[in-house]
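All values derive from a computational prediction rather than experimental measurement.
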Amino acid sequence: MKNQYNIFVRNIFLLLVILLLPLSVSAQEQPGGSVTNMEETGMWFGAYLKVRFSERFGYYGEHHWRVRNDIDDVWSFYGRPRQLYNRAGLNIFFNDYFEAVIGPTLVLNFTPEPGNEEFDKISYEPRIWHQWLLKMPTMYNMKIYHQFRFEHRWKRDNSVGSEHDYTDRFRYKIFAYIPLNSKEIKEKTLFFSPSAEIFMHSGESIVANPMEDFRTYNGFGYVLNNNITFFVGHMYTLGQKSSGYEYKASHILRFNVFIGLDTRKIKDLLPRINLGY
């Protein structure tokens, strides 16, 4: 019991440190006169789908419609389409505490300036991605997860005639699910989920900006039933620009639905509640 308590305290401390890190980064004066600017607000609408085919295999998908602020009002949150984001993969379940996903991604990036002929209306960004998800045993009603995601990307900006640039992205995310109106997460449960994620990237074009992004994403979810969970939250991002000393920040409102299905022909089988990633 003492050992479990120590693990619980350690992870709570780690969560707090990571969640508060972007506040300290933006508040400090960095060597060399680094600058942080608030550059974007937006809204992301997402559908997350998990389908269990067997004890070991399933399908995982993420589908996002993302919009951003009006070009003349950074705090409008809505005004221009930003991305249509589609991620899919084979979900591999090793045991109750470890699973992985591998598959393709296709991102459609919309022009930053609608009507400006110097930009293509849409640019296509294909990726290959794989992910490891480590689930910790439930401690004091709280479920903690460690997510490692790797992406291999061929991306280009929307400037007419620009070429694709290959980069690798490495992501680590720690997040938790904490039930608020019951002792465990089940049907009709309201829960709180804090998370923090760091993004590093590499490639020939990446010289002074190895930290692509840092995100804190916190919100509330509601488990309608074993098939459907709703989630709404706020995401703050802090990204390093190509100069290395300039940083861009954003505030994003996110609205998600998580859908879980199970196709196995077992009597009275219910799918595991899908809380997404």
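- Side-chain N or O atoms of Thr41 include one that pairs as donor or acceptor with a backbone N or O of Phe77 at under 3.5 Å.
- Side chains of Thr167 and Arg153: a donor on one and an acceptor on the other come within 3.5 Å.
- Across every non-hydrogen atom of Phe110 and Leu84, the tightest pair is CE1-N, 3.7 Å.
- Glu151 pairs with exactly one of Gln131, His201, Arg171 by the side chain to side chain donor-acceptor pair (under 3.5 Å) rule, that one being Arg171.
- Remark: Tyr124 OH is loosely packed, at most 12 non-hydrogen atoms of other residues, nucleotides or ligands lying under 6.0 Å away.
- Using a 4.5 Å heavy-atom threshold, the side chains of Glu118 and Ser159 count as separate.
- Formation of a donor-acceptor pair under 3.5 Å by the Glu246 side chain with backbone atoms of Lys241 is not found in this model.
- The shortest non-hydrogen separation linking Arg68 to Pro81 is NE-O, 4.1 Å.
- For His251 and Trp75, the gap between ring centers is short of 6.0 Å.
- Within a 6.0 Å sphere centred on NZ of Lys188, heavy atoms belonging to other residues, nucleotides or ligands number more than 12.
- Within 6.0 Å of OH in Tyr97 there are 12 or fewer heavy atoms belonging to other residues, nucleotides or ligands.
- Atom CH2 of Trp65 sits in a crowded spot, with more than 12 heavy atoms from other residues, nucleotides or ligands closer than 6.0 Å.
- A donor-acceptor pair is defined here as one N or O able to donate and one able to accept, closer than 3.5 Å; such a pair exists between the side chain of Asn158 and the backbone of Asp120.
- Remark: Asp73 engages no residue in a side-chain hydrogen bond (donor to acceptor under 3.5 Å, both in side chains) (not counting sequence neighbours).
- The pair Lys248-Glu39 does not count as a salt bridge, with every side-chain nitrogen at least 4.0 angstrom from each carboxylate oxygen.
- In this structure, a donor-acceptor pair under 3.5 Å is present between the side chains of Asn109 and Gln83.
- A side-chain donor from one of Asp165 and Ser205 sits under 3.5 Å from a side-chain acceptor of the other.
- Of all non-hydrogen atoms in Ala176 and Ser193, the two that sit nearest each other are O-OG, 2.8 Å.
- Rounding to the nearest 0.5 angstrom, the gap separating the CG atom in Asp213 from the CG atom in Leu238 is 7.5 Å.
- Annotation: the span from Tyr172 atom OH to Ile198 atom CD1 amounts to 11.0 Å, rounded to 0.5 Å.
- Leu180 contributes atom CG, which lies 9.0 Å from atom CZ of Phe191 (distance to the nearest 0.5 angstrom).
- Side-chain atoms of Ser242 and Asn209 include no donor-acceptor pair closer than 3.5 Å.
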May I have the step-by-step check of salt bridge (Lys or Arg N to Asp or Glu O under 4.0 Å) for Glu99 and Lys50, ending in yes or no?
CA-CA 13 Å; Glu99 64 183 75; Lys50 294 185 80 171; 3.2 Å; yes

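- The one candidate from Phe175, Tyr217, Phe220, Trp44 that meets the ring-ring contact (aromatic ring centres under 6.0 Å, His included) condition with Phe231 is Tyr217.
- Residue Phe214 is grouped with residue Tyr236 when hydrophobic side chains (ILVMFWY) are merged at heavy-atom distances under 4.5 angstrom, including chains of intermediate members.
- Between Thr216 and Pro194, the closest side-chain pair of non-hydrogen atoms is not below 4.5 Å.
- Evaluated for a ring-ring contact (aromatic ring centres under 6.0 Å, His included) with His130, the options Tyr60, Phe150, Phe148 yield exactly one hit, Phe150.
- A donor-acceptor pair under 3.5 Å is absent between the side-chain atoms of Asn256 and the main chain of Phe230, judged by distance alone.
- A single hydrophobic cluster is seen to contain both Tyr145 and Met235, as judged by linkage of ILVMFWY side chains at heavy-atom distances under 4.5 Å, directly or through other members.
- Closest non-hydrogen pair, Asp96 versus Lys135, comes out as O-CD, 3.6 Å.
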**Prompt:** When you look at Arg82 and Glu40, which way does the salt bridge (Lys or Arg N to Asp or Glu O under 4.0 Å) test go after all the steps?
**Reply:** CA-CA 11 Å; Arg82 191 181 196 280; Glu40 187 173 297; 2.7 Å; yes

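- We find that Glu197 and Arg149 are not joined by a salt bridge, their nearest charged nitrogen and carboxylate oxygen being 4.0 Å or further apart.
- The line from CG of Leu49 to CG of Asn91 is 10.5 Å long, rounded to the nearest 0.5 Å.
- Residues Asn141 and Glu184 have side chains that never bring a donor and an acceptor to within less than 3.5 angstrom of each other.
- The line from OH of Tyr222 to CG of Leu190 is 8.5 Å long, rounded to the nearest 0.5 Å.
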Note to self: What verdict does the side chain to side chain contact (heavy atoms under 4.5 Å, CB included) test give for Arg254 and His64, after you've listed the backbone C-alpha separation in whole Å, the side-chain angles of each residue and the deciding distance to 0.1 Å?
What the structure shows: CA-CA 10 Å; Arg254 298 183 60 172; His64 290 184; 3.6 Å; yes

- What's the verdict on side chain to side chain contact (heavy atoms under 4.5 Å, CB included) for Ile128 and Thr105, showing C-alpha distance, side-chain angles and the deciding distance? CA-CA 6 Å; Ile128 298 172; Thr105 301; over 6 Å; no

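- For the residue pair Ser162 and Arg156, a side-chain donor N or O sits within less than 3.5 Å of a side-chain acceptor on the partner.
- When every heavy atom of Phe94 is checked against every heavy atom of Ala100, the shortest pair comes out as CE1-CB, 3.9 Å.
- At least one donor-acceptor pair closer than 3.5 Å links the side chain of Trp129 to the backbone N or O of Ala88.
- In this structure, Asn227 contributes its side chain and Gly260 its backbone to a donor-acceptor pair below 3.5 Å.
- Taken to the nearest 0.5 Å, the NE2 atom of His234 stands 8.5 Å off from the CG atom of Asn218.
- Hydrophobic clustering places Met43 together with Val74 (ILVMFWY residues linked when any side-chain heavy atoms are closer than 4.5 Å, directly or through intermediates).
- Not less than 6.0 angstrom separates the ring centroid of Phe57 from the ring centroid of Phe53.
- A cation-pi geometry, defined here as NZ or CZ lying under 6.0 Å from the six-membered ring centre and within 45° of its normal, holds between Arg52 and Phe93.
- The aromatic rings of Phe255 and Phe45 sit parallel, their planes meeting at an angle under 30°, below the 60° perpendicular limit.
- Residues Val160 and Glu117 share a closest heavy-atom pair of CG2-O, 3.5 Å.
- Between the Thr189 side chain and the Pro179 main chain, no donor and acceptor come within less than 3.5 Å of each other.
- Contact annotation: the side chain of His164 never approaches that of Glu125 to less than 4.5 Å [non-hydrogen atoms, C-beta and beyond].
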Check the pair Phe170 / Phe199 against side chain to side chain contact (heavy atoms under 4.5 Å, CB included), numbers first and verdict last. CA-CA 6 Å; Phe170 315 94; Phe199 296 64; over 6 Å; no

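- Remark: side-chain polar atoms of Arg80 are paired, donor with acceptor, to backbone N or O of Asn69 under 3.5 angstrom.
- Criterion: ILVMFWY side-chain heavy atoms under 4.5 Å apart, direct or through other members. Under it, Val232 and Val257 are not part of a common hydrophobic cluster.
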